[in-house]
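Notes to accompany the following structure.
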Amino acid sequence: MEMPGQDNGPDLPASTQPATPPPNALQALSSWARDLAFCIFVLFFIIIFFYQPVKVEGGSMEPGLEDQERIFINKLVYRLESIERGDIVVFRYPRDTRKSFIKRVIGLPGDSVRINSGHVFLNGQLVPEPYVPAEYLDGRSFPETVVPENSYFVLGDHRSMSNDSREFGPVLRGYIYGKAVFGYWPMEKVGVLH
């Protein structure tokens with residue numbers, strides 16, 4: 001029985017909105033390319049202004065950092081915080097600023113540094129150095145020196161084969177441009193640097 005005003009047309013699903021057609025391949029490719037370009041831009045910005053991949057050359061930081069190991073350095077950190085003892089820093093070599101070196105900070109400005117038969121004394125106190133194995137010690141001594149203002153005394157962890165502040169003196173703050181923070185190659189050495 002029909003009721004007045006009732007339409008007996010075909011049954012429609014609950015939603016009468018027509019389904020939106022899927023985006024065509026060109027639109028999807030365009031969206032993907034835009035997202036990829038944005039990611040590359042952000043990555044490029046981060047690498048240029050914050051982090052830089054570098055390759056360690058030489059064995060002066062063994063066993064912590066080996067020859068040909070790949071690491072990231074943070075180029076912004078020392079604009080926000082101060083350089084600390086124990087930091088592994090990358091700096092321009094004072095005798096040829098076209099070259100870069102990587103060493104560990106031992107003495108800060110005003111510190112007194114002395115090396116006696118390979119053992120480092122800082123302000124008269126023996127420095128515990130768990131990162132320097134006994135076989136990597138250098139038995140030589142170095143006379144007491146006071147680190148000048150705005151400079152840092154740096155040493156390689158492999159003391160017997162490191163060209164460091166014992167040879168070229170303390171490094172000016174302006175030459176230090178990054179802190180080694182993370183190893184990424186080889187895979188077995190991936191991790192935060194100490």
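We're numbering straight along the sequence, starting at 1.
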Quiz prompt | Student check: side-chain heavy atoms of Asp35 and Ser31 closer than 4.5 Å | solution = yes
Quiz item: Are any of the side-chain heavy atoms of Phe121 and Glu144 separated by less than 4.5 Å?
Solution: no
Self-check item: Nearest-0.5 Å distance that lies between atom CG in Asp164 and atom CZ in Arg104
Solution: 12.5 Å
Quiz item: When hydrophobic residues are tied together by side-chain contacts of less than 4.5 Å, even through go-betweens, does Phe41 share a cluster with Leu36?
Solution: no
Quiz item: Quick check: does any side chain N or O of Arg159 sit under 3.5 Å from a backbone N or O of Gly156, one acting as donor and the other as acceptor?
Solution: yes
Exercise. For residues Tyr78 and Val89, determine if any side-chain heavy atom of one lies less than 4.5 Å from a side-chain heavy atom of the other.
Key: yes
Exercise. Go through Val132 and Leu137 one step at a time and tell me if the side chain to side chain contact (heavy atoms under 4.5 Å, CB included) criterion holds.
Key: CA-CA 7 Å; Val132 182; Leu137 282 174; 3.7 Å; yes
Exercise. Give a yes or no answer on whether the side chain of Asp138 reaches the backbone of Gly118 with a donor-acceptor pair at less than 3.5 Å.
Key: no
Quiz item: Same cluster or not: are Leu26 and Trp32 linked, directly or through other Ile, Leu, Val, Met, Phe, Trp or Tyr residues, by side-chain heavy atoms under 4.5 angstrom apart?
Solution: no
Exercise. Determine yes or no for a side-chain-to-main-chain donor-acceptor pair under 3.5 angstrom, with Ser165 supplying the side chain and Val154 the backbone.
Key: yes
Exercise. Would you check, one step at a time, whether the test side chain to side chain contact (heavy atoms under 4.5 Å, CB included) holds for Met61 with Glu69?
Key: CA-CA 11 Å; Met61 288 300 290; Glu69 188 171 337; over 6 Å; no
Quiz prompt | Criterion side chain to side chain contact (heavy atoms under 4.5 Å, CB included) on Glu129 and Asp157, from CA distance to verdict | solution = CA-CA 9 Å; Glu129 296 186 290; Asp157 290 352; over 6 Å; no
Quiz item: Got a second to check how far Tyr131's OH is from Leu155's CG, nearest 0.5 Å?
Solution: 8.0 Å
Quiz item: Under a 4.0 Å N-O cut-off, is there an ion pair linking Arg140 with Glu167?
Solution: yes
Exercise. Look at the side chain of Lys103 and the backbone N and O of Asn163, then say whether any donor-acceptor pair between them is shorter than 3.5 Å.
Key: yes
Quiz item: For the side chain of Gln27 and the backbone of Asn24, is there at least one donor-acceptor N/O pair under 3.5 Å apart?
Solution: yes
Self-check item: Tyr152 and Asp87, any side-chain heavy atoms less than 4.5 Å apart
Solution: no
Quiz item: Among the clusters formed by ILVMFWY side chains lying less than 4.5 Å apart, do Leu65 and Val90 turn up in the same one?
Solution: yes
Quiz prompt | Rounded distance [0.5 Å steps], CZ in Phe182 versus CG in Leu193 | solution = 8.5 Å
Quiz item: Taking the side chain as C-beta and beyond, is there a heavy-atom pair between Ile88 and Ile102 under 4.5 Å?
Solution: yes
Quiz prompt | CD1 on Ile176 to NZ on Lys75, rounded to 0.5 Å | solution = 16.0 Å
Quiz item: Any chain of hydrophobic side-chain contacts (each under 4.5 Å) joining Trp185 to Tyr51?
Solution: yes
Quiz item: Can you check whether Val56 reaches Glu66 side chain to side chain, under 4.5 Å on heavy atoms?
Solution: no
Exercise. State whether Tyr184 and Arg70 meet the cation-pi test: NZ (Lys) or CZ (Arg) under 6.0 Å from the six-membered ring centroid, and within 45° of the perpendicular axis.
Key: no
Quiz prompt | Between NZ on residue Lys179 and CG on residue Leu76, distance to nearest 0.5 Å | solution = 12.5 Å
Quiz item: Do the side chain of Ser141 and the main chain of Ser117 share a donor and acceptor less than 3.5 angstrom apart?
Solution: yes
Exercise. Please work out which of the three classes, parallel, tilted or perpendicular, describes the rings of Tyr93 and Phe101, given edges at 30° and 60°.
Key: parallel
Quiz prompt | Co-membership, hydrophobic cluster, residues Val192 and Ile73, 4.5 Å side-chain | solution = no
Exercise. Could you check whether the rings of His158 and Tyr136 sit parallel, tilted or perpendicular, using 30° and 60° as the cut-offs?
Key: tilted
Self-check item: Note, Val181 side chain near Val77 side chain (heavy atom, < 4.5 Å)
Solution: no
Practice problem: Check side-chain hydrogen bond (donor to acceptor under 3.5 Å, both in side chains) between Arg92 and all other residues, then give those that pass, not counting sequence neighbours. | Solution: none
Self-check item: By salt bridge (charged side-chain N to carboxylate O under 4.0 Å, His left out) - contacts of Asp111 (at least two apart)
Solution: Arg85
Quiz item: For the atom pair CD (Glu81) and CD1 (Ile83), what is the distance rounded to the nearest 0.5 Å?
Solution: 10.0 Å
Quiz item: Among all residues two or more places apart in sequence or in another chain, which pass the ring-ring contact (aromatic ring centres under 6.0 Å, His included) test with Tyr177?
Solution: none
Practice problem: Step through the shown structure and confirm whether more than 12 heavy atoms of other residues, nucleotides or ligands are within 6.0 Å of CD on Glu188. | Solution: yes
